[in-house]
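Written below as structure tokens is the structure these notes are about.
Residue numbers begin at 1 in each chain, while the letters A, B, ... track the order of the sequences.
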Amino acid sequence: MRLISVIRFVFMRLRNQCLPSIALLKCLRMSSFAGRMKEYPTISLDRFDRENLHARAYFLSHCHKDHMKGLKGPLLKRKLKFSLTVNLYCSFVTKELLLSNPKYNFWQDHIVALELDSPTHISLIDETTGESEDVVVTLLPAGHCPGSVMFLFEGGQGTVLYTGDFRLAAGDVARMEFLHSGNRVKDIQSVYLDSTFFDPRFYQIPSREACLNGIKELVQDWLIQSPYHVVWLNCKAAYGYEYLFTNLSEEFGCRVSPLRVHVNSLDMFQKMPELLSHVTTDRATQIHACRHPRDEEFFRTNRLPCGCTAKDGKPLRIISIKPSTMWFGERTRKTSVIVRMGKSSYRACFSFHSSYSEIKDFLSYICPVNIYPNVIPMGRTFEEVTEILKPLCREYSGRAEIVYKPLVS
DNA sequence: GCGATCAGAT
DNA sequence: CACATCTGATCGC
């Protein structure tokens, strides 16, 4: 009997250790990043379960649930209760979004919000031995969702960049001051990369501006027809669509008649006045981004998720716009950023993540020694992704100025 | 009763 | 167009 329980224990351990590779095979979008970097293994980022329970410091790149695994776990809660030095580092906005959910209240006194572009010294202390290591961390804007950042670490084990999830346009990297030292890019040992779309299939994704303009045009053409014409933005339950709300609000509102986007709740935005001023819980508006568990079904029967109707009982004329990623290959002809799906439903191009060519632009500028993918794009294997990342690593890139060349006699 | 996991959904 | 999340079933503690 005893032997059986030992065997069962060993089996469980094996199964647990295999989990990341199983997730990888199934090509889930859950980050396959296990939470730690080779160079600074005493810190954990965007993963808070398993080995990460022992970290000396935690980092959260943005407030999306697939980067918060274990963050409300009872084991971590217990660890914090007895710890004086363990903190969670993130941006001010991420802190705000996180604490707007009461389940994370126990982090309150252990969160250190950091300013963007502002190098901060952190001592990584082992509370049992007193052993300590210093790093300097800098938050760089990642353009993925409100509060999203990359983490740049500089310390005894070299300079490494953890990108979190990001959407940067070609050329943006050259304007990131803290990736530079003097006029040159820093010597970056490793990049831990958001490789969601690092696949030539996703060669090009229309720019944010192009997507936004397409949506503005569609909304404009609909709203001007009458006060009964309304738009439902069919957005997923996740942060990242807010710039859509603010831009549409600004575009279609004016001083005498402001237009705010209807959303379910304002709680998470209470300390973000620039966002707060463009959203509302008043249903009497022509643009809605509210949700309901059966909202698609509602829409099919010409209802908004919030149940809003016109004051005089006349039926509303509703169109839905569903933000979705659209991509184009290197040579494929670009079509519209708006696609009509049915009589009154549309898809609009929208991406939280950089395209293949945007990632290539980013990496070829940085030219790191190592690149580790945090995600395996669907339909790809880890080996394939590493193979196409190789040419962007320093050793293969043909950029040799940093490489030591011994004299040959 | 809670958490983890999975299938299925949008 | 393939992201990020939610719901409900099931399992184990």
Side-chain angles (χ1 to χ4, degrees), chain A residues 5 8-9 11-12 15-16 18-20 22-23 25-32 46-50 53 61-78 97 101 103 142-148 164-167 194-206 211 214 232-242 244 264-265 268 289-300 305 320-329 332 334-342 345-356 374-380:
Chain A
S5 57
R8 180 188 286 176
F9 174 76
F11 175 74
M12 293 298 280
R15 203 174 70 157
N16 286 344
C18 286
L19 258 171
I22 289 169
L25 284 173
K26 290 172 80 178
C27 290
L28 302 179
R29 225 309 290 187
M30 163 66 83
S31 174
S32 58
D46 288 356
R47 283 293 288 266
F48 309 91
D49 56 347
R50 302 168 180 275
L53 283 166
S61 69
H62 65 287
C63 205
H64 276 165
K65 298 223 175 355
D66 58 338
H67 290 251
M68 293 160 61
K69 199 164 185 232
L71 194 57
K72 59 171 154 32
L75 295 170
L76 197 46
K77 195 167 180 172
R78 197 164 160 277
L97 298 178
N101 182 343
K103 286 180 175 166
H144 175 70
C145 70
S148 69
D165 284 353
F166 71 96
R167 174 94 200 258
D194 172 15
S195 42
T196 303
F197 291 139
F198 192 71
D199 180 322
R201 274 183 67 182
F202 308 109
Y203 193 89
Q204 199 222 329
I205 296 172
C211 297
W232 175 45
L233 302 169
N234 181 359
C235 301
K236 298 276 151 72
Y239 299 118
Y241 302 98
E242 291 74 12
L244 205 55
N264 285 18
S265 167
M268 58 290 265
C290 43
R291 294 191 317 274
H292 181 280
R294 296 198 307 281
D295 50 22
E296 300 265 4
E297 174 191 332
F298 274 48
F299 176 70
R300 282 193 291 273
S320 80
I321 303 176
K322 184 175 188 154
S324 323
T325 309
M326 291 179 192
W327 63 83
F328 306 95
T332 56
K334 194 167 62 159
T335 60
S336 170
V337 297
I338 302 289
V339 176
R340 189 166 190 177
M341 305 301 289
S345 63
Y346 298 82
R347 284 177 186 257
C349 182
F350 191 95
S351 181
F352 287 170
H353 299 273
S354 276
S355 67
Y356 178 79
N374 291 345
V375 185
I376 305 305
M378 51 220 143
R380 283 264 125 114

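- In this structure, NZ on A:Lys236 lies 5.0 Å from NZ on A:Lys322, to the nearest 0.5 angstrom.
- Across all their heavy atoms, A:Cys211 and A:Cys349 have their closest contact at CB-O, 3.1 Å.
- The two residues A:Ser351 and A:Arg167 come nearest to each other via the heavy atoms O-NH1, 3.5 Å.
- Rounded to whole Å, the distance from CG on A:Asn234 to P on B:dT10 is 11 Å.
- In this entry the distance linking CZ of A:Phe48 with P of B:dA4 reads 14 Å, nearest Å.
- Atom CG of A:Leu75 is separated from atom CG of A:Asp49 by 10.0 Å, given to the nearest 0.5 angstrom.
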Reading nucleotides 1-13 of chain C from 5' to 3' and marking B where a protein heavy atom lies under 4.0 Å of the base, S where only the sugar-phosphate is that close, and - otherwise, the string is BBBBSS-------

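- In this structure, A:Phe352 and A:His144 have perpendicular ring planes: the angle between them is above 60°, well past the 30° mark.
- With sequence neighbours excluded, the residues forming a side-chain contact (heavy atoms from CB on, under 4.5 Å) with A:Arg291 are A:Ala237, A:Asn264, A:Asp295, listed by chain and number.
- Taking atom NZ on A:Lys72 and atom C1' on B:dG3, their separation rounds to 9 Å, with Å as the unit.
- Annotated stems with DNA chain C as a participant read B:1-10 with C:4-13, given as range with range, by first number; only runs of 3 or more Watson-Crick or G-U pairs under 3.5 Å qualify.
- Nearest heavy-atom pair, A:Gly70 versus A:Phe48, reported as atom, atom and distance to 0.1 Å: C-CB, 3.7 Å.
- Closest heavy-atom contact between A:Cys290 and A:Trp232: O-NE1, 3.0 Å.
- For the pair A:Lys77 NZ and B:dC2 C1', the computed distance is 12 Å after rounding to whole Å.
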